[in-house]
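Let me begin by presenting the structure, written as structure tokens, before commenting on it.
Only a predicted model underlies this, so the values are computations on that prediction, with no experimental measurement involved.
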Amino acid sequence: MKTSWRSASLVVSAVAVLALTTACGEESAPPASSQNVGATAAAGGYGSAGTGLGNGSGYDAGAAGQESATTQAGSAGELSVSTNEELGKVLTDSAGVTLYRFDKDTVDPPKSNCDGDCAAKWPPVPADDATAGAGIDKALLGSVTRSDGTKQLTVDGWPAYRFAKDVNAGDVKGQGVGGTWYALAPDGKKAQGGGGGEAEAADLPGLSTRKDAKLGEIVIDKNGHTVYRFMKDSPWPMKTACTGECLEKWPVIEPVDAKDTKGIDLKGSGPRGQGYVVFDRPDGLKQQTIDCVPIYTFAGDKKPGDTNGQGVGGTWFAIRPDGKPVGASEQ
């Protein structure tokens, strides 16, 4: 897993300016640093996007002293199912420690993309002695050979991990980290609670909208999580004020093809009438924009439907399909 962008992000200034694209107000030809995602954007760039910790592994260095013996090297033993108040049914090891899956891994064929520092912070679960306890289909359990030759447990093809900051049985501090780490449900899907939330999220496009009881129609990502904008960012010229540690709480949203959206205003209000472009950030990440406004998710939103980022600091707000902030005046 690549983590080199983190070092770059730490030296970038608090407010970094990127050349403005034609679609976002410039009259000359667009620079190479921006692109219309519907035409040319490639997947990726979310980097450490969810709760999104900046090193791409979804973990901060301060957690090193909090690792438990279980998360460091413990065997899996008989797996069990626990019930979390917010997430519903969650898969745990024999010690009751929560197991996770990583969105950047692959299932067909199974492959772990978490090595090195990432694996130290998200310890792979050994497959050797893992067995299925009550409520778990043993046919879903398997293994994948890691790059170091060890066997890692898989659940319905997804490599399983623990999180080093989960020091007690039942902890779920890894849920949503980086926008890529999720507690495992017994069937290998993401444990997100809400009575079928995973099935609903699986059917969602990259960006779409939902009706919130308090906020009205707001934009959500592919996992059903609320999308936000930062009022200190600027669309014209396009620049970001969220860098470094800010991205630990407010991960960027990776490029989403225009065809993989529903209900999103792709035209924007710029002079060229196109605001759905990719922002090549100074820290090396590629970030989706709506109406040339950089968009994010919030680490504090643990499940679909959460809007815990709304109004934080008086600068973070959920957005409408046209990129306008909900409950705030554009500054």
Side-chain angles (χ1 to χ4, degrees), residues 15-41 45-46 49 179 204-212 215-222 225-243 246-247 250-282 285-298 307 309-331:
V15 179
V17 181
L18 181 72
L20 186 63
T21 69
T22 298
C24 300
E26 187 178 78
E27 292 301 322
S28 60
S33 57
S34 282
Q35 53 190 309
N36 187 314
V37 70
T40 59
Y46 207 143
L204 291 175
L207 288 172
S208 58
T209 66
R210 72 172 180 84
K211 292 286 187 180
D212 184 84
L215 304 180
E217 187 177 18
I218 59 175
V219 178
I220 59 176
D221 71 359
K222 63 183 179 181
H225 291 182
T226 303
V227 171
Y228 300 88
R229 61 174 289 181
F230 187 30
M231 301 308 290
K232 293 184 179 181
D233 286 352
S234 171
W236 304 295
M238 194 185 297
K239 57 185 177 182
T240 177
C242 183
T243 61
C246 175
L247 297 179
W250 302 95
V252 306
I253 289 183
E254 64 182 349
V256 178
D257 192 285
K259 295 179 181 179
D260 190 25
T261 68
K262 183 177 181 180
I264 305 299
D265 184 354
L266 302 177
K267 295 182 178 180
S269 58
R272 299 283 180 167
Q274 290 182 325
Y276 192 74
V277 296
V278 170
F279 177 26
D280 269 358
R281 295 168 51 92
L285 294 178
K286 293 183 181 294
Q287 182 173 12
Q288 184 60 56
T289 73
I290 297 178
D291 197 26
C292 296
V293 174
I295 55 177
Y296 308 78
T297 53
F298 179 47
T307 55
Q310 176 67 7
V312 168
T315 55
W316 291 92
F317 296 91
I319 66 170
R320 306 274 185 219
D322 60 0
K324 299 298 187 294
V326 178
S329 299
E330 291 192 80
Q331 304 168 1

Looking at [X] and [Y], what are the two nearest heavy atoms and their distance?
X: F317; Y: G311; result: CE2-CA, 3.8 Å
X: P255; Y: Q288; result: CA-OE1, 3.6 Å
X: V277; Y: T289; result: O-OG1, 2.7 Å
X: I290; Y: P321; result: CG2-O, 3.5 Å
X: C242; Y: D233; result: N-OD1, 3.9 Å

Pairing of K222 and D260 as salt bridge, 4.0 angstrom limit
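Answer for the salt bridge query: no.
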The test is side chain to side chain contact (heavy atoms under 4.5 Å, CB included); show your working for T307 and I218 and say whether it passes.
CA-CA 10 Å; T307 55; I218 59 175; 4.2 Å; yes
Please enumerate all residues that pass side chain to side chain donor-acceptor pair (under 3.5 Å) together with T209, with sequence neighbours excluded.
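With neighbours one apart ignored, the set is E217.
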Once you round to the nearest 0.5 Å, how far does CG of L285 lie from OG1 of T240?
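Reported to 0.5 Å precision, the distance equals 9.5 Å.
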Do the side chain of [X] and the main chain of [Y] share a donor and acceptor less than 3.5 angstrom apart?
X: R229; Y: G323; answer: yes
X: Q310; Y: A318; answer: yes
X: S234; Y: K239; answer: no
X: D322; Y: K324; answer: yes

Checking ring-ring contact (aromatic ring centres under 6.0 Å, His included) between Y228 and each of W250, Y296, W316, which is the one that passes?
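Of all the options given, the one that passes is W250.
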Is there a side-chain contact between W236 and C292 (heavy atoms, below 4.5 Å)?
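Touching, per the 4.5 Å side-chain cut-off.
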Taking C-beta and beyond as the side chain, do R320 and D265 meet within less than 4.5 Å on heavy atoms?
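No, too far: nothing below the 4.5 Å cut-off.
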Run the side-chain contact (heavy atoms from CB on, under 4.5 Å) test against I220 and tell me which residues pass, sequence neighbours left out.
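Scan of I220 (side-chain contact (heavy atoms from CB on, under 4.5 Å), adjacent residues dropped) gives L204, S208, R210.
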Report the residues that fulfil side-chain contact (heavy atoms from CB on, under 4.5 Å) with T261, sequence neighbours left out, ordered by chain and then residue number.
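For T261, the residues satisfying side-chain contact (heavy atoms from CB on, under 4.5 Å) (neighbours in sequence not counted) are L207, V256, I264, L266, Y276.
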Show the numbers, then the answer: is there a side chain to side chain contact (heavy atoms under 4.5 Å, CB included) between I319 and D291?
CA-CA 11 Å; I319 66 170; D291 197 26; over 6 Å; no
